[in-house]
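Throughout, numbering of the chain's residues begins at 1 and tracks the sequence. This one's a predicted model, so the numbers in the text were calculated from it and none came from an experiment.
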Amino acid sequence: MNTALIKDVKNKFIKTFKADPLLIFSPGRINIIGEHTDYNDGFVFPAAVDKGIAAAIQKSDSGYSTAIALDLDSTVEFELDKLKPSKEGNWENYVFGVVAEIQNRNIVVGDFNIVFKGNIPSGAGMSSSAALENSVVYGLNELFDLGLSKHDMILISQKAEHNYVGVKCGIMDQYASMFGIKNNALHLDCRSVESKPYEINFKDHQLMLINTNVKHSLSDSAYNDRRSACENISELLGIKALRDATESDLEKVIDKVTPTNYQKALYVIQENERTLKAAQAIEDGDLEKLGMLIYQSHAGLSDQFKVSCDELDFLVAQAKKNKDVLGARMMGGGFGGCTINLIAKSEAKNFADTASKAYKKKFDKECSVYFIELSDGTHIVN
């Protein structure tokens with residue numbers, strides 16, 4: 001957790017509202033493996049990280065509410081009984097959406113002021129949106145004693161994303177951000193919404209992120225398209241979600257779906273399997289196996305599910321050239337963001353430098369390297 005972030009939001013809050021706020025930290029997340037499986041009721045393997053959103057929040061007696069995005073230098077005032085989504089892409093939709101979804105449960109929320117700031121790189125695929133939603137719902141739950149459980153809160157955050165932001169996301173991002181455990185990744189069953197923590201101690205190896213610093217514009221619409229393709233094939237198979245399908249089930253409908261949608265469904269079924277195998281590999285301490293599964297995940301995302309891009313593929317190809325990188329893949333919704341790399345600690349800096357130089361030469365832009373620590377989920381900061 002970043003103490004400078006906390007200090008910034010606290011100082012801004014006191015200066016603006018002349019009151020002491022409640023302070024919340026809500027982390028972003030990584031995902032070791034299991035991409036686009038969450039909205040198919042499958043398995044994922046996320047972990048909360050030490051980058052996130054710091055929020056200062058307190059009740060307001062002004063008759064309206066105010067939200068300040070400190071890093072965007074942007075302020076919005078709103079009335080709780082007149083909420084509706086702002087135009088697409090506006091940050092305040094995350095705040096409005098959370099409040100609206102709490103109200104949809106017939107729970108009364110009072111006016112409030114919030115100041116927030118984050119250090120999750122924009123477009124990195126590390127779920128700054130889930131961290132923001134969780135910080136708002138967690139803060140409101142504390143301030144107004146709403147009696148919401150953590151499970152209630154993540155469902156509210158997810159619905160905010162669906163109904164106010166327009167992204168039909170699964171539950172992984174909100175879950176990892178809310179339930180994260182320091183030094184652990186969570187093997188999450190997205191149907192039961194229950195997870196098993198796995199301590200992540202890769203001894204001589206570590207996880208490292210490389211951000212392409214690109215975000216191609218088709219990401220949100222392509223995400224929703226893929227979700228509906230998966231749902232249509234599930235319907236065709238007469239099952240609740242692709243989590244229930246096998247490769248041989250899929251064979252039975254091969255003549256009823258387009259070849260591209262067949263490949264997408266096949267990817268989801270295979271990725272679900274890989275996620276289960278990855279949990280076993282971590283249990284066995286078999287990092288070679290884990291790395292191989294991570295590489296396979298990227299191949300599926302790029303060739304079958306088609307959510308990668310040239311920049312991500314290039315960074316994974318760079319990783320494959322280095323024997324000290326056991327596995328690498330794109331992470332997140334796709335079309336930009338980060339690769340996650342499982343790499344020997346002794347080689348991490350060297351590989352980061354080499355890959356960065358090659359990337360700059362190829363695309364004439366910089367990539368960014370992040371060394372992350374696994375952290376606790378959304379919590380109050382004393």
Side-chain angles (χ1 to χ4, degrees), residues 27-38 42-51 125-126 172-173 175-177 179-190 192-210 243 267-301 315-332 338-352 354-355 369-377:
R29 63 104 192 99
I30 57 163
N31 186 26
I32 296 173
I33 195 166
E35 214 64 77
H36 290 274
T37 46
D38 62 343
F43 292 91
V44 290
F45 218 146
V49 293
D50 56 346
K51 291 180 184 294
M126 293 168 72
M172 170 175 69
D173 297 350
Y175 187 97
S177 173
F179 286 95
I181 300 171
K182 191 173 171 60
N183 300 327
N184 282 254
L186 305 173
H187 194 247
L188 170 63
D189 178 336
C190 294
S192 66
V193 197
E194 288 175 355
S195 68
K196 179 180 174 184
Y198 282 76
E199 190 173 349
I200 300 301
N201 177 6
F202 292 149
K203 299 194 169 67
D204 299 334
H205 289 77
Q206 67 181 69
L207 295 169
M208 179 176 90
L209 305 181
I210 305 180
R243 184 248 183 78
Y267 159 77
V268 171
I269 292 166
Q270 291 171 340
E271 181 78 346
N272 222 25
E273 279 296 308
R274 282 190 284 267
T275 308
L276 294 168
K277 287 175 182 166
Q280 191 58 54
I282 288 175
E283 221 161 272
D284 298 341
D286 188 347
L287 295 187
E288 301 278 343
K289 174 85 179 285
L290 178 62
M292 184 188 75
L293 291 164
I294 290 170
Y295 274 134
Q296 286 172 1
S297 172
H298 184 79
L301 285 158
L315 287 174
V316 171
Q318 291 298 305
K320 282 189 165 166
K321 290 179 185 173
N322 189 318
K323 64 177 180 12
D324 290 305
V325 186
L326 299 183
R329 69 177 192 89
M330 59 150 278
M331 184 185 79
C338 291
T339 60
I340 183 167
N341 303 265
L342 177 56
I343 185 168
K345 286 177 180 170
S346 58
E347 179 61 18
K349 182 159 185 342
N350 186 31
F351 173 65
T354 312
V369 177
Y370 311 128
F371 297 98
I372 35 100
E373 288 177 26
L374 307 190
S375 90
D376 287 323

Asks: Between Ile32 and Ile294, is any pair of side-chain heavy atoms under 4.5 Å apart?
Replies: yes

Asks: Using the rule given for side-chain contact (heavy atoms from CB on, under 4.5 Å), can you reason through Arg29 versus Met172, listing the C-alpha separation, both sets of side-chain angles and the distance that settles it, and then say yes or no?
Replies: CA-CA 9 Å; Arg29 63 104 192 99; Met172 170 175 69; 3.8 Å; yes

Asks: Identify, with sequence neighbours excluded, every residue that meets side chain to side chain donor-acceptor pair (under 3.5 Å) alongside Asp286.
Replies: none

Asks: Kindly write out the residues that satisfy side chain to side chain donor-acceptor pair (under 3.5 Å) with His36, not counting sequence neighbours, or none if the list is empty.
Replies: Tyr39

Asks: Check for a donor-acceptor pair, side chain of Glu35 on one end and backbone N or O of Ser297 on the other, with a separation under 3.5 Å.
Replies: no

Asks: Going by side-chain contact (heavy atoms from CB on, under 4.5 Å), name the residues that satisfy it together with Gln296, two or more places apart in sequence or in a different chain.
Replies: Arg274, Met292, Leu293

Asks: What's the spacing between Leu374 CG and Asn201 CG if we round to 0.5 Å?
Replies: 10.5 Å

Asks: Would you indicate whether Asp204, at its atom CG, is surrounded by more than 12 heavy atoms from other residues, nucleotides or ligands within a distance under 6.0 Å?
Replies: no

Asks: Anything under 30° is parallel, anything over 60° is perpendicular, the rest tilted; go ahead and classify Tyr198 against Phe45.
Replies: perpendicular

Asks: From Leu209 CG over to Ile372 CD1, what is the distance, rounded to the nearest 0.5 angstrom?
Replies: 5.0 Å

Asks: Residues two or more places apart in sequence or in another chain: which of them pass side-chain contact (heavy atoms from CB on, under 4.5 Å) with Ile181?
Replies: Asn184, Leu186, Pro197

Asks: List the residues meeting side-chain contact (heavy atoms from CB on, under 4.5 Å) with Ala48, not counting sequence neighbours, and say none if there are none.
Replies: Pro27, Ser375

Asks: Suppose we screen for salt bridge (charged side-chain N to carboxylate O under 4.0 Å, His left out). Which residues come up paired with Asp189, at least two apart in sequence or across chains?
Replies: Arg243

Asks: Could you tell me whether the side chain of Ile340 reaches within less than 4.5 Å of the side chain of Ile33, counting heavy atoms only?
Replies: no

Asks: Do Lys289 and Asp284 have side-chain heavy atoms sitting under 4.5 Å apart?
Replies: no

Asks: Going by the rule side chain to side chain donor-acceptor pair (under 3.5 Å), which residues pair with Lys349 if we only count those two or more places apart in sequence or in a different chain?
Replies: Asp353

Asks: Which distance, rounded to the nearest 0.5 Å, do you find between the NZ of Lys323 and the CD1 of Ile343?
Replies: 10.5 Å

Asks: Less than 4.5 Å apart, any side-chain heavy atom of Leu207 and any of Leu342?
Replies: yes

Asks: Mind checking the CD-CD spacing from Glu373 to Gln206? Nearest 0.5 Å is all I need.
Replies: 10.5 Å

Asks: Run the salt bridge (charged side-chain N to carboxylate O under 4.0 Å, His left out) test against Lys196 and tell me which residues pass, sequence neighbours left out.
Replies: Glu283

Asks: I want to check something: taking the side chain as every heavy atom from C-beta on, are Leu326 and Tyr295 in contact at a cut-off of under 4.5 Å?
Replies: no

Asks: Please check this pair: side chain of Ser177 against backbone of Asp173, looking for a donor-acceptor N/O pair closer than 3.5 Å.
Replies: no

Asks: Using modelled atom types only, decide if a donor and an acceptor are shared between the side chain of Thr37 and the backbone of Val44 within a distance under 3.5 Å.
Replies: no

Asks: What pairs with Phe179 under ring-ring contact (aromatic ring centres under 6.0 Å, His included), at least two apart in sequence or on another chain?
Replies: His151, Tyr175

Asks: Using the side chain to side chain donor-acceptor pair (under 3.5 Å) criterion, which residues pair with Thr339? Sequence neighbours excluded.
Replies: Asn341

Asks: Provide the closest heavy-atom pair for Met330 versus Val316 in the form atom of the first, atom of the second, distance.
Replies: N-CG2, 4.3 Å

Asks: Could you give the distance from NZ (Lys182) to CD (Glu199), rounded to the nearest 0.5 Å?
Replies: 11.5 Å

Asks: Give a yes or no on whether the backbone of Thr275 and the side-chain of His187 come within a donor-acceptor separation of less than 3.5 Å.
Replies: yes

Asks: Report the distance from atom CG of Leu276 to atom CZ of Phe43, rounding to the nearest 0.5 Å.
Replies: 5.0 Å

Asks: Among residues at least two apart in sequence or on other chains, which ones pass side-chain contact (heavy atoms from CB on, under 4.5 Å) with Asn322?
Replies: Asp324, Val325, Glu347, Phe351

Asks: Could you list the residues that satisfy ring-ring contact (aromatic ring centres under 6.0 Å, His included) with Tyr267, not counting sequence neighbours?
Replies: Phe305

